[in-house]
Structures are given as structure tokens and as C-alpha cells.
Amino acid sequence: MAIFDTQVVSEHEDGAISSAVELLRAGNLVAVPTETVYGLAADATETCAVQQIYAVKGRPSNNPLICHVSDAEMARGYVEIPPIAEKLMERFWPGPLTLVLPRLETANVAAPVSAGLSTLAVRCPARQSTRQLIRALGHPIAAPSANPSGRLSPTSAADVLAGLGGKIAMVIDGGETEEGIESTIIGVTAGKLYLLRPGTVTVDEIADAAGETVYDRDESEITAPGQLASHYAPNAPVRLNATDAADDEVLVGFGDVAGDFTLSLSGDLREAARKLFRTLRTADAAGARAIAVAPVPMSGIGIAINDRLKRAAAPRNS
Ligand code: AMP
Ligand code: MG
């Protein structure tokens with residue numbers, strides 16, 4: 001694997017976007033801010049560059065990537081969009097909602113993006129600088145989270161450097177991300193909606209906008225590989241539903257459980273999602289033997305937070 005002197009450039013700096021586009025055109029990887037977490041971007045039409053994403057992250061090759069588009073118009077060149085998906089795009093794009101749709105035969109997208117599936121996951125990120133970059137490139141970017149596979153997702157440029165520094169050409173620094181966890185993923189098949197991954201856009205909001213039921217992924221034929229049991233893991237093991245901590249544990253609080261660090265003192269789930277990965281990183285850096293985490297309610301955005309926590313606490317793959 002090539003070694004880089006990874007450049008960090010502010011999203012506001014003159015020429016930042018054009019140098020990133022140049023690097024992407026030459027087949028390099030650039031980490032970009034989005035409203036969810038930082039993404040590790042390659043030009044989605046370049047097979048070698050997309051393969052580099054898998055190599056640099058150590059990502060299993062059966063785990064497909066999300067294509068990020070600058071707008072709905074760009075998506076139309078790559079996927080079939082049934083009316084129900086159209087409604088969701090109108091309501092939630094740009095924003096943290098990914099749709100898994102049938103890929104068009106004519107779609108110019110590198111094969112490893114879909115990891116052998118006939119579908120393509122598409123999303124239009126809210127971060128303006130990243131939409132600008134995609135527009136200037138003229139193609140979607142394939143972009144999973146910019147972290148080594150299985151570890152905590154990055155919510156700042158420094159997090160990206162800590163995990164992938166020296167392995168990628170550039171990081172565009174856009175400060176801390178607003179949502180803090182990965183996008184909601186909805187699979188659309190035969191006019192029905194299936195929740196493939198919970199996020200800050202909730203099932204209720206989606207059902208409301210679509211005027212349709214959102215089914216559980218278990219009820220669908222859709223394969224969503226790569227949703228590994230162990231993921232989002234800090235170095236220390238994680239213990240869930242804790243109301244106090246042992247001497248050698250650090251306690252991450254929520255609401256009434258104050259903890260050593262809190263996800264949200266007022267019990268606000270949106271704030272807790274925003275701070276989730278940052279707080280787990282901080283707790284990890286405190287050097288405790290284990291990280292105990294207070295209960296987070298299983299409703300609304302709490303469903304997405306619990307999904308990440310459950311994977312952070314699962315037995316490790318290696
Ligand atoms: P990440 O890029 O790490 O946020 O992961 C993206 C996730 O999106 C993958 O792990 C898959 O579960 C899901 N995904 C991406 N593309 C598809 C697809 N074509 N069909 C089903 N799920 C997908
Ligand atoms: Mg990821």
C-alpha cells in the first residue's frame with residue numbers, strides 16, 4: 001500500500017475542493033466531511049480507486065459501499081427510482097437517508113461498489129462542500145466511513161488521521177459532524193420499504209413521509225451484507241445498561257445517570273447520537289479496562305444509538 005503525507009485542508013480554504021477533485025480524478029482517496037460521519041471517498045466510476053477503499057479500510061469485499069450524489073438528478077443516472085423512493089428523496093434529501101435501489105444496466109459505476117449485488121445504495125449528503133466536490137467531479141463518490149473496518153466511525157478530521165493517516169492523500173476538514181452516526185438505510189423493493197440500518201431519520205418519519213409501513217429487514221429478501229455483529233468498537237470492551245461503574249471502568253452516562261462523561265445530561269437523543277462516537281473515543285483514551293454505558297431508551301433516534309452500542313459491545317471478530 002502506498003504511503004502518503006496526508007494533507008489536511010479546511011473545507012473553506014480556497015482551492016480545497018478543486019485539489020480534492022484533482023486527487024480523486026487521479027485515482028486517489030480523499031476523506032470528506034458529511035453531516036453523519038467522515039467518508040472515505042473514491043471516484044465511484046474508477047475500479048482501482050474503489051478497490052483502494054477496501055484495502056485501506058481492511059473492509060471485507062462483500063460489504064457494499066454507498067454512492068454519494070450531488071442531487072436527485074445525478075441519482076437518476078444510476079438507479080431506478082420508484083414513486084415511493086421519489087417521495088423520500090423529496091422529503092429527506094439532501095440529508096442522512098440512504099436508499100438501496102435497483103442499479104440501472106447503464107450505470108457507470110465500478111463493480112466493487114455494489115459488491116456483487118444488483119442494487120446500489122445512494123445518498124445525497126447535506127454537507128455543502130461535499131456536494132460541491134461531487135458536482136465538480138461530475139460523478140458520484142463511493143464513500144464508507146473513513147475508519148479502519150470495525151472500529152469507531154470518525155466525526156472529525158483528527159479522528160480520520162488517527163485511523164488512516166499516511167494511508168490516504170487528503171482529508172478535508174469540516175469540523176465536527178452534526179448528526180454523529182451513519183445514515184438511515186432503507187431498501188426499496190416491489191414498492192415496499194425495509195429498514196436496513198437505523199439512523200437519525202427515524203422509521204416513524206419515513207413511514208409518515210411515504211404514507212406506507214416500513215418493514216423490518218428480517219421480513220425482506222434484500223441482502224444487506226456487511227452489517228457485522230461486532231462493529232464501532234473502541235479498544236476497551238463495552239458493557240451496556242450500566243447504572244454504575246466498577247473501579248477500573250469508565251462510565252458513559254445518559255440523562256439521570258451522570259457518568260464520567262455523558263451522552264446527554266438532559267436525556268436528548270439527538271445530542272446523544274451526535275456525541276456517541278466522540279464520547280466512546282474519549283472514554284477509550286481515559287485508559288479504563290472497560291467502558292460501561294448507561295441505558296438509552298429504545299425509541300426514536302434511541303433505536304439507532306442502541307444499534308451502534310450493541311455492536312460496540314458484541315464479541316470482537318478478531
Ligand atoms: P458504511 O459505508 O460503512 O456506512 O456501510 C454501508 C452499508 O450500507 C453496508 O454495510 C451495507 O449494509 C449497506 N449497503 C450498501 N450498499 C448496499 C446494497 N446495494 N444493498 C444492501 N445494503 C447495502
Ligand atoms: Mg462504516
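Source: prediction; values computed, not measured.
- Linking Ile, Leu, Val, Met, Phe, Trp and Tyr whenever their side-chain heavy atoms come within less than 4.5 Å puts Ile168 and Val9 in one cluster.
- Within a 6.0 Å sphere centred on CD of Glu86, heavy atoms belonging to other residues, nucleotides or ligands number more than 12.
- Considering His68, Arg123, Arg131 in turn, Arg123 is the only one that fulfils the side-chain hydrogen bond (donor to acceptor under 3.5 Å, both in side chains) rule with Thr34.
- The environment of Glu105 atom CD is sparse: at most 12 non-hydrogen atoms of other residues, nucleotides or ligands sit within 6.0 angstrom.
- Side chains of Glu182 and Ser145: a donor-acceptor N/O pair is absent below 3.5 angstrom, by distance only.
- To the nearest 0.5 Å, the span separating CG on Leu276 from CG on Leu269 amounts to 11.5 Å.
- Scanning all heavy atoms of the two residues, the minimum distance from Leu152 to Arg281 falls at O-NH2, 3.1 Å.
- In this structure, Lys167 contributes its side chain and Phe4 its backbone to no donor-acceptor pair below 3.5 Å.
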**Study point:** Derivation of the side-chain contact (heavy atoms from CB on, under 4.5 Å) call for Ile206 and Phe92
**Key:** CA-CA 9 Å; Ile206 290 163; Phe92 296 107; 4.2 Å; yes
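- Here the side chains of His139 and Val109 are not in contact, with every heavy-atom distance at 4.5 Å or above.
- Other residues, nucleotides and ligands place no more than 12 heavy atoms under 6.0 Å from the CG atom of Asp14.
- The two residues Thr262 and Thr279 make their nearest non-hydrogen contact at O-OG1, 4.2 Å.
- Side chain of Tyr232 to main chain of Lys310: no donor-acceptor pair is present (N/O by atom type, distance under 3.5 Å, no hydrogens or angles).
- Heavy-atom contacts from other residues, nucleotides or ligands closer than 6.0 Å to CG of Asp216 number more than 12.
- Between the side chain of Arg151 and the main chain of Ala233, a donor-acceptor pair closer than 3.5 Å is present.
- Within a 6.0 Å sphere centred on CG of Asp256, heavy atoms belonging to other residues, nucleotides or ligands number 12 at most.
- Side-chain N or O atoms of Thr177 include one that pairs as donor or acceptor with a backbone N or O of Thr36 at under 3.5 Å.
- Checked by atom type and distance alone, the side chain of Glu35 pairs as donor or acceptor with a backbone atom of Ala126 at under 3.5 Å.
- Side-chain contact of Ser264 with Arg270: a donor-acceptor pair under 3.5 Å is absent, judged by distance alone.
- Taking every heavy atom of both residues into account, Arg316 and Asn235 meet most closely at NH1-O, 3.6 Å.
- With Tyr54 contributing its side chain and Pro112 its backbone, the two residues share a donor-acceptor pair below 3.5 Å.
- Side chain of Thr6 to main chain of Gly166: a donor-acceptor pair is present (N/O by atom type, distance under 3.5 Å, no hydrogens or angles).
- Residue Ile84 is grouped with residue Leu101 when hydrophobic side chains (ILVMFWY) are merged at heavy-atom distances under 4.5 angstrom, including chains of intermediate members.
- One N or O on the side chain of Lys87 and one on the backbone of Ala210 form a donor-acceptor pair closer than 3.5 Å.
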